[in-house]
Every structure is written in structure tokens, then in C-alpha cells.
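Scroll down for the structure; my scribbles are underneath it.
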Amino acid sequence: MLAVGDSAPNFELKDGSGTLRTWKEFKGQRVVLYFYPKDMTPGCTKEACSFRDHKNVYKKKNISVIGVSPDSEKAHAKFSEKYELPFILLSDPDKVLAKAYGVWGKKKLYGREYEGILRTTFVISEKGKIETVFSKVKVDSHASDILETL
């Protein structure tokens with residue numbers, strides 16, 4: 001997993017509208033990049049809605065929020081529309097960005113082991129360096145927990 005002080009990897013991924021997004025368009029901005037397992041699931045919905053509910057505070061602090069999961073562009077579009085999410089969701093079906101950040105790995109659920117997204121958030125500085133890593137995420141309060149550290 002990437003750590004504080006590492007450079008944020010470049011990416012080229014599509015968002016929910018099919019627009020190709022690259023890291024270059026966010027250079028010079030502070031970014032909260034959060035990786036989550038799946039659209040429309042209870043924990044991921046709580047986390048996304050937490051960011052949505054704090055959108056004005058993030059905006060005042062000039063921080064962009066970006067969510068990333070392996071879901072399709074179409075799934076992201078439905079998720080964004082249903083919950084009125086005011087930020088970009090990137091589709092990473094080949095797990096290229098998740099692997100670059102080191103957040104694709106082994107998980108356990110009900111004694112079953114499988115590979116998936118390790119719910120993790122990175123705060124990235126205007127210079128493209130990782131400032132903070134949140135690997136123990138409480139989905140209900142995650143957006144406010146991040147704000148408390150900034």
C-alpha cells in the first residue's frame with residue numbers, strides 16, 4: 001500500500017458519464033481519493049452519502065472528492081443519480097488504480113477468503129503527494145473523520 005510521502009500514481013479511468021479522467025486534471029488541487037468495494041451496498045452507500053452530506057465543507061476547503069471502485073460506468077451513473085452524489089466516481093474494472101495504490105488484496109467474509117477492494121482513503125496534496133492514509137474506515141463518520149485531521 002502507498003504511504004505518506006509517496007507520489008500519487010497517474011491514471012486514466014472513465015467516470016459515470018463515460019468521460020475519461022486523468023490525474024493531470026486534479027494537479028494543483030487537494031484530493032480525497034477513496035476506494036470502496038461496490039456501488040449500492042449498505043456500507044458503500046453510507047460512506048458515499050457521508051461525503052455528499054459534507055460537500056459544502058470540502059468545497060470551502062477547496063478539496064475534491066473522488067471515489068473509485070471496480071464497478072462499471074453505468075453502475076456509477078445509477079449510484080450517483082440515486083443518491084445525488086456531487087463528486088466523481090471512477091470505474092476501475094481492471095483494478096489498475098486499486099493495485100497501484102495497493103488496495104486490492106485478500107479479504108475475509110464469513111470465513112470465506114477472496115480478493116477485493118480494501119476500503120481505504122488517501123488525502124493527496126496539491127503537489128501530488130500522499131498526506132494521509134485511512135485504512136481503518138468507519139463508513140458512517142468517515143467524511144467527518146477526515147475533516148478533523150485536515
inquiry  = Main chain of D71, side chain of S91: is a donor-acceptor contact present, judged purely on distance under 3.5 Å?
reply    = yes
message = Regarding S64 and Q29, do their side chains bring together a donor and an acceptor under 3.5 Å, going by distance alone?
response = yes
task = Using the six-membered ring wherever Trp is involved, compare the ring planes of F122 and Y101 and label them parallel, tilted or perpendicular (cut-offs 30° and 60°).
result = tilted
key: SB check E115 K95 (cutoff 4.0 Å)   = no
key: Residues forming a side-chain hydrogen bond (donor to acceptor under 3.5 Å, both in side chains) with E73, sequence neighbours excluded   = none
ask   = Between D145 and K138, is the closest basic N to carboxylate O distance under 4.0 Å?
value = no
request  = Evaluate the salt bridge (charged side-chain N to carboxylate O under 4.0 Å, His left out) criterion for residues E47 and R119: first the C-alpha distance (whole Å), next the side-chain angles of each, then the deciding distance (0.1 Å), finally the verdict.
outcome  = CA-CA 10 Å; E47 184 178 22; R119 189 184 305 274; 2.6 Å; yes
task = Return the orientation label for the Y58 and H54 ring planes: parallel under 30°, perpendicular over 60°, tilted otherwise.
result = perpendicular
query = How close do S50 and D140 get, heavy atom to heavy atom, and via which atoms?
reply = OG-O, 3.6 Å
key: Polar side chain donor-acceptor pair, S7 to K129, under 3.5 angstrom   = yes
request  = Using the salt bridge (charged side-chain N to carboxylate O under 4.0 Å, His left out) rule, take E113 and K106 through it: C-alpha gap first, then chi angles, then the decisive distance, then the call.
outcome  = CA-CA 7 Å; E113 208 171 89; K106 290 191 190 246; 3.8 Å; yes
ask   = Could you give all pairs that pass the salt bridge (Lys or Arg N to Asp or Glu O under 4.0 Å) test and reach residues 16-26, with sequence neighbours left out?
value = D15-R21, R21-E25
ask   = Side-chain heavy atoms under 4.5 angstrom apart, residues restricted to Ile, Leu, Val, Met, Phe, Trp, Tyr: same cluster for V133 and L150?
value = no
message = In terms of relative ring orientation, are H76 and Y36 parallel, tilted or perpendicular, with 30° and 60° separating the classes?
response = tilted
remark   = Shortest non-hydrogen pair, W104 vs P70, comes out as CZ3-CG, 4.2 Å
Residues K27, E126; criterion salt bridge (charged side-chain N to carboxylate O under 4.0 Å, His left out); working and verdict = CA-CA 6 Å; K27 285 216 172 177; E126 296 88 339; over 6 Å; no
query = What about F51 and H142, are their ring centers closer than 6.0 Å?
reply = yes
ask   = To the nearest 0.5 Å, how far apart are CG in L89 and CG in L13?
value = 12.0 Å
